[in-house]
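Within every chain, numbering begins at 1; the chains are lettered A, B, ... in the order of the sequence lines, protein sequences first and strands thereafter. For clarity, every value in this text was computed on a predicted model and none was experimentally measured.
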Amino acid sequence: MLKSDKYEIVSELARRRGFFWPSYEIYGGASGFITYGPLGTLLKQKIEEKIRNFLIRPLNILEMESSIITPAKVFEASGHVKAFREPMVECLKCNQRFRADHLLQEQTGLSDTQTEKLNLHELGKEIITHRIKCPECEGKLSLPRYFMTMFKTTIGPYSKEVGYGRPEAAQGIFVEFKRLYETNREKLPLGIIQMGHALRNEISPRQGPVRLREFNIADLEFFFDPENPKCSKLKEITNTTLHLIPAPLKKKEGKKAIEVTVKEALQKAYIKTEWQAYFMVLAKHLLSELGIPADKQRFIEKLPWERAHYSAQGYDQEIYFNRWGWTEISGHNYRTDYDLRQHMKHSGVDMRVFKKHEKPITVRRRVLEPVLTEIGPVFKNNASKVIALLSEANAEEVEKSLDQNGYYIAGSFKILPIHVKITYKEVEETGRRFIPHVVEPSFGIDRLVYAALEFAYDQQKDRVVLRLPREIAPIQVAVFPLVSKDGLAEKAKEVYVMLREGGFMAEYDEAGSIGRRYARADEVGIPLCITIDYQTLENKTVTIRERDSWKQTREKINALVESLQDYLNCKANFADIGDAIEK
RNA sequence: GCGGUCGUAGUCUAGUCUGGUUAGGACACUGGCCUCCCAAGCCAGCAACCCGGGUUCAAAUCCCGGCGACCGCACCA
């Protein structure tokens, strides 16, 4: 019991009592995968339910599920195929590995954007011509090769079609955006959430449930009109405070979070969009509900070069873990219209939404008309893609390019002057078309599960009490006969069956002394224990014992279901149910 | 991937250096006895040398490889 490390203690408890453990142990284990046991599965479900209550209900957000295996095209479009790989070189002398592009930048002064353009072959050439050496031992370097952090597979037997395991659930939402938008009867703002597994082939997954190769993610994509970015719920949260470390502060030594109201954070542009601020507040509340105190939470802004390729502004929500210090638990990114625009470009499907003006307005403007009789024969199968691209193109830009270059590039297609007609037109505009912008809160569910356990872990007089908030406790109530004779066990089983049928996750235990059974129940965080004693046989009452206070109260059996419901849903305190027993 | 440390029941551990009885103990768990409210007691039981190869008459012990854990490097979009 003198272990210093909370992670070890909590993992040991998790393994012993069936919350989670490393997978495939009988075959020696496989790093980066965990198995949820019965209690862990329940806890995870309860946490997912909390996410639903907190994020979905207030805004009528829709939930969906898409597949994990995804055709390569999707991640080529989204930019992941390029961004999820790193060119690595290895020192042939000391075997250390480095990012090839970083070394090149450091030793030649080339810029980020310059090295980004280079492919593997070109990187290798540059390394040779600039005589790049190992920064540690000055040894010779190997040729660069890519380390791909997406799982790659083929789809179908004998097939050459490449698929990837999704590294985030978000793309499933973007890809299906049109249908989802129609399902929601074409209303904005629109929030879609997806919870499920995602895969990342981490180089060295450690830290148990905090860093996995297959993990559970909750991605919420919230689509809104960039010309109307007002958050309708802002009033409710404007005075809520957040612990923030905005980018400028982050660079300073001894960075420390500032506590600011949402109002101030928006005024000072620490947070760029109102909706993002709103979701950050929800995320803070969600974590508090899981038992994580406010002073162990903070939001830290990502510096431009730390951000994901799709992100215009990003905050990580972090939790202070006993072992690892500040650790990311959720990411809040302003993805702008990046993803929908990419999918529009690559698929040729128009991802724009149409919004009516209050009154139609008449404008005289340059109009571009694709000449279908010319485009059809030339582009054949791609014709509809070309037309979609042209309909989104700016007429003035196209005209300028045709004048200057004699052609215009739409996506990957070369448009010649005969393909389009550009005229002035009086157009009556009944509305406008635009690509919605997106803010995304994204939670690591496994980390939430672990965090709930770590913060619930407590010791009381040499024994473990898991102080899980009652709403997420996997087992809600335990039923014990005080002793297992004189008919008490039979009566206790009756009460147990009644509670299970009444919808509670209940457990029955008659093994060992009553104190031992209380201790066992405390260890897995059961909030209430019901004990059937001799008085029960006389007047049909039982004792209820509260995990956190060890106080007891007496309640009638026929009032039990209602009292327990009230307590477990936080509608009543322990003092409000039954008749307190004085000691 | 690299380097370092390590791997004995569910958990903690003795044994490993110096190869040699049936791998010992504690806690937990299961069954029984007992038990009128916080891990009491008694009896019985279940249960382990990470995997593979080598050396040897003999390997938990020595050697090699693999897997896993932890720490450091790198990585974490």
> Answer yes or no: is there a side-chain heavy-atom contact under 4.5 Å between A:I319 and A:T327?
no

> Can you tell me if the side-chain N/O atoms of A:S513 get under 4.0 Å from OP1 or OP2 in B:rA39?
no

> Does A:D522 make a side-chain donor-acceptor contact with the base of B:rC38, cut-off 3.5 Å?
no

> Quick one: on RNA chain B, does A:A83 or A:P22 contact a more 5' nucleotide (nearest heavy atom)?
A:P22

> Hey, could you give me the CZ/CG distance between A:F279 and A:L286, rounded to the nearest 0.5 Å?
12.5 Å

> So A:R200, base contact, sugar-phosphate only, or nothing? Heavy-atom distance under 4.0 Å.
base

> Roughly how far apart, to the nearest Å, are B:rA48 and B:rG68 at atom P?
24 Å

> Between B:rA44 and B:rU22, how far apart are the two P atoms, rounded to whole Å?
23 Å

> Taking the P atom of each, how far is B:rU13 from B:rU18, in whole Å?
24 Å

> Using atom types as modelled and distance alone, determine if a side-chain donor or acceptor of A:S442 lies under 3.5 Å from a backbone N or O of A:D219.
no

> Could you work out the separation of B:rA23 and B:rA28 based on their P atoms and round it to a whole Å?
25 Å

> Can you tell whether the side chains of A:R554 and A:D579 come within less than 4.0 Å, N to carboxylate O?
no

> Counting side-chain heavy atoms from CB outward, which of B:rC70, B:rG68, B:rC38 is closest to A:Y7?
B:rC70

> Quick one: label A:S311 by what it contacts on the DNA or RNA (base, sugar-phosphate, nothing), any heavy atom closer than 4.0 Å.
nothing

> What protein N or O atoms touch nucleotides 42-49 of chain B N or O atoms at under 3.5 angstrom, if any, and at what distances?
none

> Closer to the 5' end of RNA chain B via nearest nucleotide, is it A:A519 or A:Y534?
A:Y534

> Return the nearest nucleotide to the side chain of A:S31; candidates are B:rC29, B:rG68, B:rC37.
B:rG68

> What is the distance from CZ of A:F33 to P of B:rC67, rounded to the nearest Å?
14 Å

> How close or far is atom C1' of B:rC38 from atom NZ of A:K551, stated in whole angstroms?
16 Å

> Please report, rounded to the nearest Å, how far the P atom of B:rC76 is from the CZ atom of A:R211.
9 Å

> Could you check how far CH2 of A:W21 sits from P of B:rU11, rounded to whole Å?
12 Å

> Using the C1' atom as the point on both nucleotides, what is the distance between B:rC73 and B:rC50, in whole Å?
26 Å

> Suppose you measure atom P in B:rA47 against the same atom in B:rC17; what distance do you get, rounded to whole Å?
29 Å

> At under 4.0 Å between heavy atoms, what does A:R323 touch on the DNA or RNA strands: base, sugar-phosphate, or nothing?
sugar-phosphate

> Mind checking A:T149 for me? I need base, sugar-phosphate or nothing, with any heavy atom below 4.0 Å counting as a touch.
nothing

> Rounded to the nearest angstrom, tell me the gap between atom CZ in A:R15 and atom P in B:rG10.
10 Å

> Which residues pass the side-chain contact (heavy atoms from CB on, under 4.5 Å) test with A:E490, sequence neighbours left out?
none

> Given the structure, check if the side chain of A:R545 and the base of B:rC38 hold any donor-acceptor pair shorter than 3.5 Å.
yes

> Aromatic rings A:H332 and A:F299: how do their planes relate, parallel, tilted or perpendicular, breaks at 30° and 60°?
perpendicular

> Under the salt bridge (charged side-chain N to carboxylate O under 4.0 Å, His left out) criterion, do A:E168 and A:R200 qualify, and how do the steps go?
CA-CA 9 Å; A:E168 57 168 11; A:R200 296 182 191 183; 5.5 Å; no

> Can you check the A:I544 CD1 to B:rC38 P distance for me, whole Å?
18 Å

> For a quick test of your reading: what N or O donor-acceptor pairs under 3.5 Å do the side chains of residues 67-78 of chain A make, sequence neighbours left out?
from: A:S67; atom 1: OG; to: A:I69; atom 2: O; distance (Å): 2.9
from: A:T70; atom 1: OG1; to: A:I68; atom 2: O; distance (Å): 3.0
from: A:S78; atom 1: OG; to: A:V74; atom 2: O; distance (Å): 3.4
from: A:S78; atom 1: OG; to: A:F75; atom 2: O; distance (Å): 3.3
from: A:S78; atom 1: OG; to: A:H80; atom 2: N; distance (Å): 3.4
from: A:S78; atom 1: OG; to: A:H80; atom 2: ND1; distance (Å): 2.5

> How does RNA chain B look in dot-bracket notation if pairs are Watson-Crick or G-U with both distances under 3.5 Å, crossing ones as [ ], other-strand ones as |?
(((((((..((((......[...)))).(((((.......)))))....(((((..]....))))))))))))....

> Would you say a side-chain N or O of A:R516 is under 4.0 Å from OP1 or OP2 of B:rA40?
yes

> Hey, which of A:Y338, A:Y334, A:F223 is the one that makes ring pair (Phe, Tyr, Trp, His ring centres under 6.0 Å) with A:H437?
A:Y334

> Decide yes or no, distance alone: a donor-acceptor N/O pair under 3.5 angstrom between the base of B:rC76 and the side-chain of A:E202.
no

> Does OH belonging to A:Y24 count more than 12 external heavy atoms closer than 6.0 Å?
no

> Please state the P separation for the pair B:rG32 and B:rC37 - nearest whole angstrom.
22 Å

> Are any of A:R520's side-chain N or O atoms less than 4.0 Å away from OP1 or OP2 of B:rA28?
no

> Taking ring pair (Phe, Tyr, Trp, His ring centres under 6.0 Å) as the test, write out the residues that go with A:W326, two or more places apart.
A:Y320

> What's A:K485 touching, base or sugar-phosphate or nothing? Going by heavy atoms closer than 4.0 Å.
sugar-phosphate

> For B:rG25 and B:rG15, measure between their P atoms and round to the nearest Å.
15 Å

> Students often get this wrong, so: under 4.0 angstrom with heavy atoms, is A:T531 touching a base, only sugar-phosphate, or nothing?
base

> Under the ring pair (Phe, Tyr, Trp, His ring centres under 6.0 Å) rule, what pairs show up with a residue in residues 509-541 of chain A, not counting sequence neighbours?
A:F480-A:Y518

> Measure from OH on A:Y24 to C1' on B:rC67 and round the result to the nearest Å.
15 Å

> Checking contacts here: which listed nucleotide (B:rC34, B:rA39, B:rC37) is nearest the side-chain heavy atoms of A:E523?
B:rA39

> Does any donor-acceptor pair link the side chain of A:R517 with the base of B:rC38 at a separation under 3.5 Å?
no

> Between atom CG in A:L212 and atom C1' in B:rA69, what is the gap in whole Å?
15 Å

